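Single-structure report; data block below.
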2 protein chains.
Amino acid sequence: MNFDAITITDIARELHLSISTVSKALRDSYEISETTKKRVLEYAQEHNYRPNPMAQSLKKGHSKSIGIVVSNIDNQFFSQVINGMESEAYSQGYNVIITQSHESYDLEVQNVNHLTHRAIDGLLISLSTETNSVEHLKKLQKQGLPIVFFDRVSSEIETHKVIVDNFKGAYQATMHLINCGYRHIAHITSSAITSVTSERLSGYKQALNDGGIKINEQYIKYCPHGGMDLNEIEQAVDELLALKTKPDAILTAWDRITTSTLALLHKRKVQIPQDIALLGFTNTLLADVLNPSLSAVQQPAFEIGRKATEMLLSIINSKRPVTEFETVVLPTELFIRSSTDKTYKPDQ
Amino acid sequence: MNFDAITITDIARELHLSISTVSKALRDSYEISETTKKRVLEYAQEHNYRPNPMAQSLKKGHSKSIGIVVSNIDNQFFSQVINGMESEAYSQGYNVIITQSHESYDLEVQNVNHLTHRAIDGLLISLSTETNSVEHLKKLQKQGLPIVFFDRVSSEIETHKVIVDNFKGAYQATMHLINCGYRHIAHITSSAITSVTSERLSGYKQALNDGGIKINEQYIKYCPHGGMDLNEIEQAVDELLALKTKPDAILTAWDRITTSTLALLHKRKVQIPQDIALLGFTNTLLADVLNPSLSAVQQPAFEIGRKATEMLLSIINSKRPVTEFETVVLPTELFIRSSTDKTYKPDQ
DNA sequence: ACTTTAAATGTAAACGATATGAAAAAGGTA
DNA sequence: TACCTTTTTCATATCGTTTACATTTAAAGT
């Protein structure tokens, strides 16, 4: 706002009042007479006065904005999460500043620094797949910056967290595949260090166990870059297809991996679900109109974002330091469509 | 940053120097001796000193952040645009603050106010479909706020603009349909007041003319809310399907409208392209794996965002007031897939 | 020894708002 | 009229920086 805007000083000068009188009148203080208040308010209105937020922030010691770090905004899941965050933040008079880590640890650190440079009152973060040290966040937390994790959390930092029941989501999905009659179920997932990955992996394994199916490590493929690197997924898919006993179903654990796997199977002329069934975690709105319509584990993305923000703002607005932290676990939802349908006929 | 951070004053006190000496040392001024500089720099480093951005902004009169207003972040086109903006802004040391109008005029005004409240150095905006008065922006521009339009622009404000060749994009798309042998080509588009809509509509009409096809106003449907309101699209589709001579092809003009139309046709068991061909403007990454794979007009979204930001920053950083404005027109790209293929067999 | 000059550091006034405490004005009571 | 309240207004310090200007100190020149 380097453009000429009217300040409190201008009003004081014009109205032959002191700066403090104007300031108080503007905030409707009881100390100021009704007459003066009216004069000031009218003048302010007329000249479109807006308090300078930088001055206010400096004086008050907070910026009324919160920082967000996600891996990629260009991803249905995260953009829905951000929607929820924005909604909650705005309703409480806060701005959000969004940054992307693009699944890179270095970028994550850089973004976090950039954000704290730029005066945020709190941080909402989903870790990048590369991240296995959270020292950069620990330091900030120690300095007093409120942090709330969502989606991909760290167990090394004690704070509020919002996640989904990844174990159950993956368990239900795998169990659905088993119930449909699939026996060779592969799993393509992301970096092994990410919380989300290991929880979903456990759910997958447990379901296989409970279904009396032996776990085959060859059926589990890791894509360390979480779907950002198409080559990784391509290699994973090709390795699965090259196996003597090819899988008859694939459970993909991440949004990007799911849609990429679908595209790759297409390109290789693999019939879904006749040759291989596909079921994946994804929040795409297009699951219904994909070819074939895609069975999916969907996350309550908007609610994740909203809840995480609510928790962050509760820390920010808390009078006393917060020492009791909570981890909110939201349920996933399984949508069954054609891509896991044994009786599927391509021509509808 | 209301958490206890070290300030320039702390450093000065500890090192028995004046505040200005420290300030100058930190910015490597020639006035300060190498010895002092080194002492200050080392101390600052060690104690992890960060200049308070609010104080700097207040003093320097700018915030190093730019505001963005889009209709919806949860939309491939816009998230790609924002990616481009973020990329350019960050490389020049600027932050972006993103807000969504959700296609509502009131929300747009509110966001713009909120943003200027919160100290931005410039504004990047794509108008909401509802917006037909830009007085709120004119006022800000008059006050000196640099504004750059992208995508949905207003002819009533003179400033830099980044758009795509909407006319040509729609013309090529329609021509492609004509060349494929379609003769009853419908057009579902958004609010008639939006620049994008009218340009694409003209392209559509011109192509029909050039192809010797009479324009049938019954084939042109408007969805004022630009795809946010599914009912509108549903009604448009149903009206088209109820016509005595149903269209044999549909050109959809907006990302959301395209994917929604696809879903609606699916639900109504309309075979694409056998019953009706579909071609639309969309930037979804999933066009290849939709059912059927979707012919699409794609926009260079990242480049739109990057370029718009570059132009905005050039205004912001310009020494003299900018009076010469430029409108950059980028090309669209037509991808031909199965949804417009007369010879299409569902089973690949 | 005394002035000149350059180098290094310091003082203080901004930026725009808020808040504390004091002063002025108005009203009330004896 | 003098004195005390109460109401209303103002002067000023503050937040953390930046910066124009002033001062100090030391070295150099005459």
Side-chain angles (χ1 to χ4, degrees), chain A residues 1-41 43-44 47-64 93 116-121 143-144, chain B residues 1-41 43-44 47-64 93 116-121 143-144:
Chain A
M1 207 135 76
N2 60 347
F3 50 100
D4 28 274
I6 182 177
T7 76
I8 218 170
T9 318
D10 298 328
I11 303 183
R13 184 170 11 80
E14 284 313 305
L15 261 41
H16 302 289
L17 288 169
S18 79
I19 296 177
S20 58
T21 305
V22 175
S23 172
K24 284 175 185 167
L26 251 15
R27 272 166 309 111
D28 200 28
S29 161
Y30 68 98
E31 298 175 89
I32 305 299
S33 71
E34 289 306 321
T35 348
T36 335
K37 271 187 203 169
K38 211 171 141 230
R39 282 213 304 148
V40 171
L41 253 25
Y43 188 94
H47 293 75
N48 196 27
Y49 167 79
R50 298 287 182 204
N52 179 319
M54 295 175 289
Q56 277 182 319
S57 295
L58 177 59
K59 182 67 198 175
K60 299 213 195 125
H62 59 240
S63 63
K64 286 271 183 182
T116 48
H117 271 208
R118 298 222 55 77
I120 53 168
D121 296 343
Q143 282 181 75
Chain B
M1 210 135 74
N2 61 345
F3 51 100
D4 26 276
I6 182 178
T7 76
I8 218 171
T9 318
D10 299 327
I11 302 182
R13 183 169 14 78
E14 285 312 307
L15 262 39
H16 302 290
L17 287 169
S18 80
I19 296 177
S20 65
T21 305
V22 175
S23 172
K24 288 173 188 167
L26 250 18
R27 273 168 310 105
D28 200 28
S29 160
Y30 69 97
E31 298 176 90
I32 306 300
S33 71
E34 290 305 320
T35 347
T36 321
K37 272 186 201 168
K38 213 174 137 222
R39 283 212 306 147
V40 172
L41 253 25
Y43 188 94
H47 293 74
N48 197 28
Y49 166 78
R50 299 286 181 204
N52 179 319
M54 294 172 292
Q56 277 182 322
S57 295
L58 177 58
K59 184 65 198 179
K60 300 216 196 118
H62 60 240
S63 63
K64 285 269 181 182
T116 48
H117 272 206
R118 297 224 55 76
I120 53 167
D121 297 343
Q143 281 180 76

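Each chain gets a letter, A, B and so on, in the order the sequences are listed, and its residues count up from 1. Small disclaimer: the values here were computed from a predicted structure and weren't measured.
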What are the atom names and distances for every N/O pair under 3.5 Å that joins the protein to nucleotides 15-20 of chain C?
from   : atom 1 : to      : atom 2 : distance (Å)
C:dG16 : N2     : A:Ala55 : O      : 3.4
C:dA17 : OP1    : A:Tyr49 : OH     : 2.8
C:dA17 : OP1    : A:Asn52 : N      : 3.0
C:dA17 : OP2    : A:Ile8  : N      : 2.5
C:dT18 : OP1    : A:Gln56 : NE2    : 3.2
C:dT18 : OP2    : A:Ser23 : OG     : 3.0
C:dT18 : O2     : A:Lys59 : NZ     : 3.3
C:dA19 : OP2    : A:Arg27 : NH1    : 3.3
C:dT20 : O4     : A:Lys24 : NZ     : 3.4

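- Between B:Arg13 and B:Thr9, the side chains place no donor N or O within less than 3.5 Å of an acceptor N or O (distance only, hydrogens not considered).
- One finds a side-chain N or O of B:Ser18 lying less than 4.0 angstrom from the OP1 or OP2 phosphate oxygen of C:dG10.
- The pair A:Lys37-A:Asp28 counts as a salt bridge, with a side-chain nitrogen and a carboxylate oxygen less than 4.0 angstrom apart.
- D:dT8 atom P lies 17 Å from atom CG of A:Leu15, rounded to whole Å.
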Is there a side-chain contact (heavy atoms from CB on, under 4.5 Å) between A:Leu41 and A:Leu26? Walk through the geometry before answering.
CA-CA 6 Å; A:Leu41 253 25; A:Leu26 251 15; 3.7 Å; yes

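- Using modelled atom types and a 3.5 Å distance limit, the side chains of B:Ser18 and B:Thr21 yield a donor-acceptor pair.
- The separation between B:Tyr30 atom OH and C:dA7 atom P is 10 Å, rounded to whole Å.
- Distance B:Ile32 CD1 to C:dA6 P: 18 Å, rounded to the nearest Å.
- Under the 3.5 Å distance criterion, with hydrogens and angles disregarded, no donor-acceptor pair is assigned to the side chains of B:Arg39 and B:Thr35.
- Rounded to an integer number of Å, the gap from CD of B:Glu34 to P of C:dA8 is 9 Å.
- When the ring pair (Phe, Tyr, Trp, His ring centres under 6.0 Å) test is applied to B:Tyr43, the partners found at least two apart in sequence or on another chain are B:His47.
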